[in-house]
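Below is one structure; the comments refer to it alone.
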Amino acid sequence: MQVALVGLGLYWLLNSGAEAMNYRWQWYRIPQYLWFVEDGEWFPAELLEGLLVTLKISTVSLVCTLAVGLATALLRMSDSIIGRGLARGYIELIRNTPLLVQIYLLYFVFGPVLGLERFTTAVLALSLFQGAYTAEIFRAGLNSIAKGQFEASQSLGLSYSDSYRFVILPQVIKKILPQLTNEAVSLVKNSSIVSVMAIFDLTTEGRNIVADTAMPFEVWFSVAGIYLCVTLVLSGFAAWLEHRLNVPEH
């Protein structure tokens, strides 16, 4: 009931605003930018092609984010003063500077020096940014594991890496899964910023369509709806996974 009321209120607000600006909705033109049919076959159009690029960037960045976050968390908890200093410096630097500035630095300064392509630069920027936040999540999860778990794994003759792989990390992932889900959703949303590097992701394709059609409202509402669908599916999958793993509610 509440969702219906919100929907009706939003519908009334949009129509009122459009009438005040003498704007005519052209929703019938949106499907042609989602897909098209040629010789009886369906093909993705600009928006769906941009979505595929966004999903590719987000997927690769998520894997790298988890690796960076875990490595940084282990350094933060290590006995090495240098390792702890480097990890803390990285976290403070990334968390206290805007993502857009980091992307500009990587794309215009470090990218050309290192010979990085735009896709690689986008993945690196997102991974470093989200990795700084994920590192603290991993560290909190590792600190929540009782020391007896480490001692028990060592008493079984497991090596340091095997102890983490088979005993510690499965428990950590189970504890921090809700927080990791939030980071994954944030990663998908933050991926829209890489459009400043002329990567033809969903946001860039939407901007190009608006420039060609002068339909800002229809296009941007469609883009927002696509992002919403992706994040809802991701959240639903995470909720299902939490249920399967019997993760306690926070």
Side-chain angles (χ1 to χ4, degrees), residues 46-47 49-77 81-140 176 179-211 216 219-228 230-231 234-235:
E46 290 92 331
L47 290 179
E49 288 181 345
L51 173 61
L52 294 176
V53 174
T54 293
L55 293 177
K56 183 178 179 181
I57 292 175
S58 300
T59 302
V60 177
S61 299
L62 179 59
V63 174
C64 296
T65 291
L66 295 177
V68 171
L70 178 59
T72 305
L74 293 176
L75 280 177
R76 282 290 307 270
M77 301 177 64
I81 297 178
I82 297 177
R84 293 198 304 270
L86 289 174
R88 186 175 182 84
Y90 155 69
I91 292 174
E92 293 299 326
L93 175 64
I94 296 298
R95 295 181 65 174
N96 289 285
T97 54
L99 174 58
L100 185 59
V101 173
Q102 297 170 24
I103 290 176
Y104 279 141
L105 287 175
L106 285 173
Y107 184 53
F108 292 108
V109 180
F110 299 108
V113 174
L114 299 176
L116 300 179
E117 298 179 355
R118 286 179 294 182
F119 182 87
T120 305
T121 303
V123 169
L124 180 60
L126 291 172
S127 302
L128 291 176
F129 182 78
Q130 296 292 152
Y133 293 88
T134 306
E136 293 298 278
I137 296 175
F138 271 115
R139 188 167 69 93
I176 66 175
Q179 292 81 2
L180 291 181
T181 301
N182 291 336
E183 289 303 308
V185 171
S186 297
L187 178 61
V188 173
K189 294 186 293 185
N190 288 334
S191 67
S192 62
I193 304 180
V194 303
S195 60
V196 300
M197 293 189 294
I199 292 179
F200 290 94
D201 67 330
L202 180 57
T203 301
T204 301
E205 294 289 3
R207 185 184 299 117
N208 292 340
I209 294 172
V210 170
V219 173
W220 289 124
F221 275 120
S222 299
V223 169
I226 294 173
Y227 275 113
L228 179 62
V230 172
T231 55
L234 184 59
S235 299

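Quick caveat, the model's predicted, so the values are computed rather than measured.
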Within 6.0 angstrom of Glu117 CD, more than 12 heavy atoms from elsewhere: no
Taking CZ in Arg88 as the centre, count heavy atoms belonging to other residues, nucleotides or ligands within less than 6.0 Å. Is the count above 12?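 Counting other residues, nucleotides and ligands, CZ of Arg88 stays at 12 neighbours or fewer.
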[X]: what forms a side-chain hydrogen bond (donor to acceptor under 3.5 Å, both in side chains) with it, not counting sequence neighbours?
X	result
Arg118	none
Glu205	none
Thr204	Asp201
Glu49	none

Among residues two or more places apart or on two chains, list those pairs meeting side-chain hydrogen bond (donor to acceptor under 3.5 Å, both in side chains) that have a residue in residues 119-129. none
State which residues pass side-chain contact (heavy atoms from CB on, under 4.5 Å) with Ile82; sequence neighbours excluded, sorted by chain then number. Ser80, Leu86
Return the minimal non-hydrogen interatomic distance between Arg84 and Leu75, and the atom names on each side.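 Result for this residue pair: CG-O, 3.4 Å.
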Kindly give the heavy-atom pair with the smallest separation between Ile91 and Ala135, and that separation in Å.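 Closest heavy-atom pair between Ile91 and Ala135: CD1-CB, 4.1 Å.
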Go through the structure and list residues passing salt bridge (Lys or Arg N to Asp or Glu O under 4.0 Å) with Glu136, not counting sequence neighbours. Arg76, Arg139
What verdict does the side-chain hydrogen bond (donor to acceptor under 3.5 Å, both in side chains) test give for Glu46 and Asn208, after you've listed the backbone C-alpha separation in whole Å, the side-chain angles of each residue and the deciding distance to 0.1 Å? CA-CA 9 Å; Glu46 290 92 331; Asn208 292 340; over 6 Å; no
Listing, residues 55-64 side-chain donor-acceptor contacts under 3.5 Å, not counting sequence neighbours, or none:
| from | atom 1 | to | atom 2 | distance (Å) |
| --- | --- | --- | --- | --- |
| Ser58 | OG | Thr54 | O | 2.8 |
| Thr59 | OG1 | Leu55 | O | 2.7 |
| Ser61 | OG | Ile57 | O | 2.7 |

Report yes if the side chains of [X] and [Y] come closer than 4.5 Å at any heavy-atom pair, otherwise no.
X	Y	result
Leu128	Leu124	yes
Thr134	Val68	no
Val53	Leu202	no
Thr65	Glu183	no

Give the intermediate values and the outcome of side chain to side chain contact (heavy atoms under 4.5 Å, CB included) for residues Leu66 and Phe138. CA-CA 9 Å; Leu66 295 177; Phe138 271 115; 4.2 Å; yes
From OG1 (Thr231) to CG (Leu187), nearest 0.5 Å: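 One gets 12.5 Å once the value is rounded to the nearest 0.5 Å.
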Quick test of your reading: applying ring-ring contact (aromatic ring centres under 6.0 Å, His included), list the pairs with at least one residue in residues 110-129, sequence neighbours left out, ordered by first then second residue. Phe129-Tyr133
Contacts under 3.5 angstrom, residues 219-228 side chains, donor-acceptor by atom type, not counting sequence neighbours:
| from | atom 1 | to | atom 2 | distance (Å) |
| --- | --- | --- | --- | --- |
| Ser222 | OG | Glu218 | O | 2.7 |
| Tyr227 | OH | Thr203 | OG1 | 2.9 |

Tabulate below the donor-acceptor pairs under 3.5 Å that side-chain atoms of residues 97-109 make, not counting sequence neighbours, or state none.
| from | atom 1 | to | atom 2 | distance (Å) |
| --- | --- | --- | --- | --- |
| Thr97 | OG1 | Leu93 | O | 2.8 |
| Thr97 | OG1 | Gln102 | NE2 | 2.8 |
| Gln102 | NE2 | Ile94 | O | 3.0 |
| Gln102 | NE2 | Thr97 | O | 3.0 |

